[in-house]
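Throughout, numbering of the chain's residues begins at 1 and tracks the sequence. Just so you know, these numbers use all the heavy atoms, side chains as well, and skip hydrogens, waters and symmetry mates.
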Amino acid sequence: NANVAIDALITLVNFCTDRWADNFESAYSLEINFKGGKKQSFKGNGRVFSWSQENSTSNGQLNCALAALEKWIYTKIDEKEDVESVIRTLLQNSNSVAIIGVLLDVGKYKPDLFAGVLQPFLGVYELYQGDDSRVKNADLWFDAFSWVREGEKVFEMAKEWKSAPHRKIPLRQIAVQLAFKDKKTADYIKKASKAWETSSGEEKYDLEVR
């Protein structure tokens, strides 16, 4: 029962994200502007953003749940099913950037989603930053020593999952490709990027934003 499973997963991820936020006086949050002028906040930093790609002996249930969600959406895409309603449910009911991290990879798996339901992601500078870091460190998340003890077949399955080619493509590269392909997407990125802060006082940061 997909609806029950998604509700349970969202409850789990929101709970874990709230407990993470309890460790900070002012927890970092990411704001995304959706169509219709709706602005929504998602709690979490770069670490929370990458929960779906982490291995853990203490938080494994959380990491596996997020990875299972990602894999399930890929299966629906491969079967030519519509996934936009699922994505909207996740965005509307989640308060965590961990869900954003999953959906960003889903968009990489099916880039056309960035011209539709996931288009707001292309207007958030922090997502380009977080994605660059995740792409750069992707190979570090694969715990080869643990997987190899499970046998060759399981090891290769885990390696294939962690090394999926689409995960290694930077969001900025996809954004550029879509901008050349679709004028509406190009116009959206151009308009959104004008609001990016470029006067932080840190020369390197401001240069990267520009």
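- Listed by chain and number, the hydrophobic cluster partners of F145 come to none, as no ILVMFWY side chain reaches under 4.5 Å of it.
- Looking at K183, K184, K190 one by one, the single match for salt bridge (Lys or Arg N to Asp or Glu O under 4.0 Å) with D187 turns out to be K183.
- With rounding to the nearest 0.5 Å, the separation of CG in N33 from NZ in K39 is 5.0 Å.
- The two residues R19 and N23 make their nearest non-hydrogen contact at O-ND2, 3.7 Å.
- One distance of note links CG of N93 with CG of L9; it measures 11.5 Å at 0.5 Å rounding.
- A donor-acceptor distance shorter than 3.5 angstrom exists from the side chain of N45 to the backbone of V48, with no hydrogens or angles considered.
- For K76, the salt bridge (charged side-chain N to carboxylate O under 4.0 Å, His left out) criterion is met by E81, not counting sequence neighbours.
- Under the 4.5 Å side-chain contact rule for hydrophobic residues, L12 and V4 do not share a cluster.
- By the side chain to side chain donor-acceptor pair (under 3.5 Å) test, E156 is found to be paired with no residue, residues two or more places apart in sequence or in another chain being considered.
- Judged purely by atom type and a 3.5 angstrom limit, K108 uses its side chain to pair as donor or acceptor with the backbone of I169.
- Within the 4.5 Å cutoff, side-chain heavy atoms of L90 are placed close to those of I73.
- The side-chain heavy atoms of L104 and F121, taken from C-beta on, include a pair separated by under 4.5 Å.
- Under a 3.5 Å cut-off, the side chain of D7 and the backbone N or O of A2 do not form any donor-acceptor pair.
- Two residues are said to be in side-chain contact when any heavy atoms from C-beta on lie closer than 4.5 Å; I32 and F34 meet this criterion.
- Scanning both residues, E84 and D82, for their nearest heavy atoms gives N-OD1, 3.2 Å.
- The ring pair (Phe, Tyr, Trp, His ring centres under 6.0 Å) search around Y109 returns Y74, H166, not counting sequence neighbours.
- When all heavy atoms are compared, the tightest approach of S96 to N14 is N-OD1, 4.1 Å.
- The cationic atom of R47 (NZ for Lys, CZ for Arg) does not lie both less than 6.0 Å from the six-membered ring centre of W20 and within 45° of the ring axis.
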### Task
Assess whether side chain to side chain contact (heavy atoms under 4.5 Å, CB included) is satisfied between L66 and I99, documenting all intermediate values.
CA-CA 8 Å; L66 288 164; I99 292 295; 4.0 Å; yes

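- When all heavy atoms of P111 and I174 are compared, the closest pair comes out as CB-CG2, 4.2 Å.
- Formation of a donor-acceptor pair under 3.5 Å by the R134 side chain with backbone atoms of R167 is not found in this model.
- Note that CD of Q40 is 10.5 Å distant from CG of L30, once rounded to the nearest 0.5 Å.
- Of the options L103, I87, V83, a side chain to side chain contact (heavy atoms under 4.5 Å, CB included) to V117 is made by I87 and by none of the others.
- Within 6.0 Å of atom CZ in F15, 12 or fewer heavy atoms from other residues, nucleotides or ligands are found, so the atom counts as exposed in its surroundings.
- Clustering ILVMFWY residues whenever any of their side-chain heavy atoms sit less than 4.5 angstrom apart, transitively, puts Y125 in the very cluster that holds F114.
- F155 pairs by the ring pair (Phe, Tyr, Trp, His ring centres under 6.0 Å) definition with F142, not counting sequence neighbours.
- In this structure, CD on Q92 lies 5.5 Å from NZ on K38, to the nearest 0.5 angstrom.
- For the atom pair CD of Q119 and CG of L178, the computed distance is 9.0 Å after rounding to the nearest 0.5 Å.
- Across every non-hydrogen atom of V97 and G44, the tightest pair is CG2-CA, 3.5 Å.
- A donor-acceptor pair is defined here as one N or O able to donate and one able to accept, closer than 3.5 Å; such a pair exists between the side chain of N137 and the backbone of S133.
- Residue-environment remark: CH2 (W147) stays at or below the threshold of 12 foreign heavy atoms within 6.0 Å.
- Side-chain contact between S41 and E31: present, with at least one pair of heavy atoms (C-beta onward) separated by less than 4.5 Å.
- Applying the salt bridge (charged side-chain N to carboxylate O under 4.0 Å, His left out) criterion to K204, with sequence neighbours excluded, gives E208.
- V176 and L113 fall into different hydrophobic clusters, where Ile, Leu, Val, Met, Phe, Trp and Tyr residues are linked whenever their side-chain heavy atoms come under 4.5 Å apart, directly or through other members.
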### Query
Step by step, would you call K181 with D112 a salt bridge (charged side-chain N to carboxylate O under 4.0 Å, His left out)?
CA-CA 10 Å; K181 180 180 175 182; D112 287 349; 3.4 Å; yes

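- With W196 contributing its side chain and G123 its backbone, the two residues share a donor-acceptor pair below 3.5 Å.
- Distance check, rounded to the nearest 0.5 Å: CD1 of I100 to OG of S94 gives 7.0 Å.
- Side-chain atoms of N63 come within 3.5 Å of backbone atoms of W51 as a donor-acceptor pair (strictly under, hydrogens ignored).
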### Message
Run I6 and W72 through side chain to side chain contact (heavy atoms under 4.5 Å, CB included) and show every step you take.
### Response
CA-CA 11 Å; I6 290 173; W72 177 71; 3.8 Å; yes

### Task
Go through the steps to decide whether E70 and S52 satisfy the test side chain to side chain contact (heavy atoms under 4.5 Å, CB included), and finish with yes or no.
CA-CA 8 Å; E70 184 179 335; S52 61; 4.1 Å; yes

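- Side-chain contact check for L122 versus L171: some heavy-atom pair is nearer than 4.5 Å.
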### Message
side chain to side chain contact (heavy atoms under 4.5 Å, CB included), that's the test. Do E126 and Y28 meet it? Break it down for me.
### Response
CA-CA 12 Å; E126 290 86 353; Y28 178 77; 3.3 Å; yes

